[in-house]
Amino acid sequence: MKLHHSATLVLSALAATVATAAPPASTLPLYVAQPLAGSSVMFGDFDVQQPLTAETGRMDNDPKQPNAVVEARRTTRETPGDALGLSWKDAWFSTLRVQSAPLDLRPYLAKGTVSFDLKVNELAGGGLNFRVDCGKDCERKVSDVIPARAAQGKGWQHLSYALSCFYRKGDDFSAVTTPFALDGTGKGDVEIANIRIDKAGKPNQTCPDYRTVSVTPSPLNESWSLDWWMPRHEEKLAEIARRKAAGERTELVFIGDSITHHWEKEQPELFKAFYGKYNALDLGYGGDRTENVLWRLQHGEIDGIDPKVAVLMIGTNNTGFRQEPPELLYAGIRRDIQEIRKHLPHTKILLLGIFPRGEKPDDTLRVLNEKVNAMLPTLADGKHVFFLNMNKAFLASDGTLSKDIMPDLLHPNAEGYKIWQREMQPELDRLMR
């Protein structure tokens, strides 16, 4: 991956200023035939993880996912036990990670690589993420879905990523306790060996530029979205064409992620009762980030309609998936608004603050979203774009979020959607005039 010149200077300067008692090793062997001294191999799902202390291990005791099974094993690349295996099913997230004493990875940032050998045995219904943590409540990952599926049955492959793929400006790599993790989604079986960080390696894989990914149009290529995301897009294009042919006016359109998608998917009767009079169109897609919305907007999803109002709420998956810095998420939302204005110049845009998530006000992802929400009013001009933050209506006086409103602390239930409608309707009435 070619880094922007300024980013290269930042990484080089950071590495140059690290004071160490002795020069760092040219290679940090995280799992090369055995774990790094003092470290352990952990496996499990999102909530329950345990050490791999024997040749095989099984995790099937997560009360939140009673059907989930995650299995880890020591396997063979060249000699018995020199590789690790991970298989999973019915677990929306699984992981196999190296847990160590705090490691200072700063000397490796400028030109370092994370490399490993990977063997994909079965991944037709799954995907992979490779992860390096960057301090407390901080993680960075690179997604590998379509290429990993293509590697199924092709034996061992050597992959090497620039360590800068896992770095964001301001990250603290001085005391990393998870220097590498392989995370699985969907269903799969893989093996991995020779996991190492080299101070001056040669990457053979690329990664998105974190500074521009939120504004670079892309379909949602996740293991759990490939089967339905593009068909939903085609269905929406067909519905717009049908409405146009029938002379039906779409007065209101909702654009967003799963929180918007669930109006149609989980609360269709409420959606019809509240917004049927506008012949509203739901363009929410579970899992979408700003770049996925941008792709859809550029591929016909709001062509052929002329609504009075477009309601936009997007961004919680930018923070949830990659803990995106607020200024970059803000840029993605701004770019989506620009694209809506391009296709619907006469439509008023009602931009909503990203809904609260997490139980408490100091939840890491909620804090990120709130930083973005504080920036969003600058996108409203009071003529074409209007901003509404209704988040206080979902929260208790102490800022906590109740599962009675959002059972998973992210998606509203029926009561949550009623609050949304109640809080938004006065502004919607004004804009619909």
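Salt bridge status for Lys236 with Glu239: absent, with no side-chain N to carboxylate O gap under 4.0 Å. Arg97 has no carboxylate O lying under 4.0 Å from a charged side-chain N of Asp133, or vice versa, which leaves the two without a salt bridge. Ion pair Glu327/Lys169 not flagged as a salt bridge, since none of the NZ, NE, NH1 or NH2 atoms sits closer than 4.0 Å to an Asp/Glu carboxylate oxygen. Of the charged side-chain nitrogens involved, at least one lies within less than 4.0 Å of a carboxylate oxygen, so that Arg335 and Glu339 count as a salt-bridged pair. A salt bridge is defined here as a Lys NZ or Arg NE, NH1 or NH2 lying under 4.0 Å from an Asp or Glu carboxylate O, and Arg242 with Glu248 meets this definition. Ion pairing of Arg106 with Asp104 is present here, as a side-chain N (NZ or NE/NH1/NH2) and a carboxylate O approach within less than 4.0 Å. Salt bridge absent: Arg334 and Asp336 never bring a charged side-chain N and a carboxylate O closer than 4.0 Å. Between Lys360 and Asp362 there is no salt bridge, since none of the side-chain N atoms of the basic residue sits less than 4.0 Å from a carboxylate O of the acidic one. Ion pair Arg168/Glu139 not flagged as a salt bridge, since none of the NZ, NE, NH1 or NH2 atoms sits closer than 4.0 Å to an Asp/Glu carboxylate oxygen. Checked for salt-bridge contact, Arg357 and Asp363 miss the test: no charged N lies under 4.0 Å from a carboxylate O. Using a 4.0 Å cut-off between charged side-chain N and carboxylate O, Lys272 and Glu269 make no salt bridge.
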Do Val213 and Arg322 pass the side-chain contact (heavy atoms from CB on, under 4.5 Å) test, and can you show the C-alpha distance, the side-chain angles, and the key distance before you say yes or no? CA-CA 11 Å; Val213 66; Arg322 55 180 179 251; 3.6 Å; yes
Criterion side-chain contact (heavy atoms from CB on, under 4.5 Å) on Thr95 and Asp45, from CA distance to verdict: CA-CA 6 Å; Thr95 189; Asp45 65 11; over 6 Å; no
For Thr250 and Tyr278, run side chain to side chain donor-acceptor pair (under 3.5 Å): C-alpha distance rounded to whole Å, both residues' side-chain angles, the deciding distance at 0.1 Å, then the answer. CA-CA 7 Å; Thr250 300; Tyr278 307 119; over 6 Å; no
Does Arg296 form a side-chain contact (heavy atoms from CB on, under 4.5 Å) with Leu283? I'd like the steps, not just the answer. CA-CA 9 Å; Arg296 293 194 279 119; Leu283 297 180; 3.9 Å; yes
Check step by step if side-chain contact (heavy atoms from CB on, under 4.5 Å) holds for Gln157 and Asp117. CA-CA 5 Å; Gln157 310 283 325; Asp117 297 335; over 6 Å; no
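Between Phe116 and Tyr161, the ring-plane angle classifies as parallel under the 30° and 60° cut-offs. Using cut-offs of 30° and 60° for the angle between ring planes, the Phe355 and Phe394 rings count as tilted. Below 30°, between 30° and 60°, or above 60°: for Phe274 and Trp263 the angle between ring planes is above 60°, a perpendicular geometry.
Looking only at atom types and distance, the side chain of Asp144 has no donor-acceptor partner in the side chain of Gln205 under 3.5 Å away. There is a side-chain donor-acceptor pair under 3.5 Å between Ser223 and Thr185. Asp306 and His346 are not linked by any side-chain donor-acceptor pair at a separation below 3.5 angstrom, with hydrogens and angles left out of the test. Side chain to side chain, Asn204 and Ser160 fail the donor-acceptor criterion of an N or O pair below 3.5 Å. A side-chain N or O of Thr27 and one of Asp198 form a donor-acceptor pair less than 3.5 Å apart. Side-chain contact, Tyr31 with Ser39: no donor N or O sits under 3.5 Å from an acceptor N or O. Side-chain contact annotation: Gln65 with Asp90, donor-acceptor N/O pair under 3.5 Å absent. With 3.5 Å as the limit, one finds a donor-acceptor pair spanning the side chains of Asp288 and Trp229. No side-chain donor from either of Asp381 and His384 sits under 3.5 Å from a side-chain acceptor of the other.
Remark: the backbone N or O of Pro356 is not paired with any side-chain donor or acceptor of Arg366 at under 3.5 angstrom. Under a 3.5 Å cut-off, the side chain of Gln152 and the backbone N or O of Leu123 do form a donor-acceptor pair. Looking only at distances, a side-chain donor or acceptor of Lys154 sits under 3.5 Å from a matching main-chain atom of Ala150.
Heavy atoms of other residues, nucleotides or ligands lying less than 6.0 angstrom from NZ of Lys89 number 12 at most. Atom CZ of Phe46 has 12 or fewer neighbouring heavy atoms from other residues, nucleotides or ligands inside a 6.0 Å radius. Other residues, nucleotides and ligands place no more than 12 heavy atoms under 6.0 Å from the NZ atom of Lys187.
Heavy-atom minimum distance, Ala68 versus Ala91: CB-CB, 3.8 Å.
A cation-pi arrangement, defined by a distance under 6.0 Å to the six-membered ring centre and an angle within 45 degrees of its axis, is present between Lys141 and Phe321. Arg131 forms no cation-pi arrangement with Phe166, by the criterion of a distance under 6.0 Å to the ring centre and an angle within 45° of the ring axis.
Considering Tyr285, Trp295, Trp228 in turn, Trp295 is the only one that fulfils the ring-ring contact (aromatic ring centres under 6.0 Å, His included) rule with His233.
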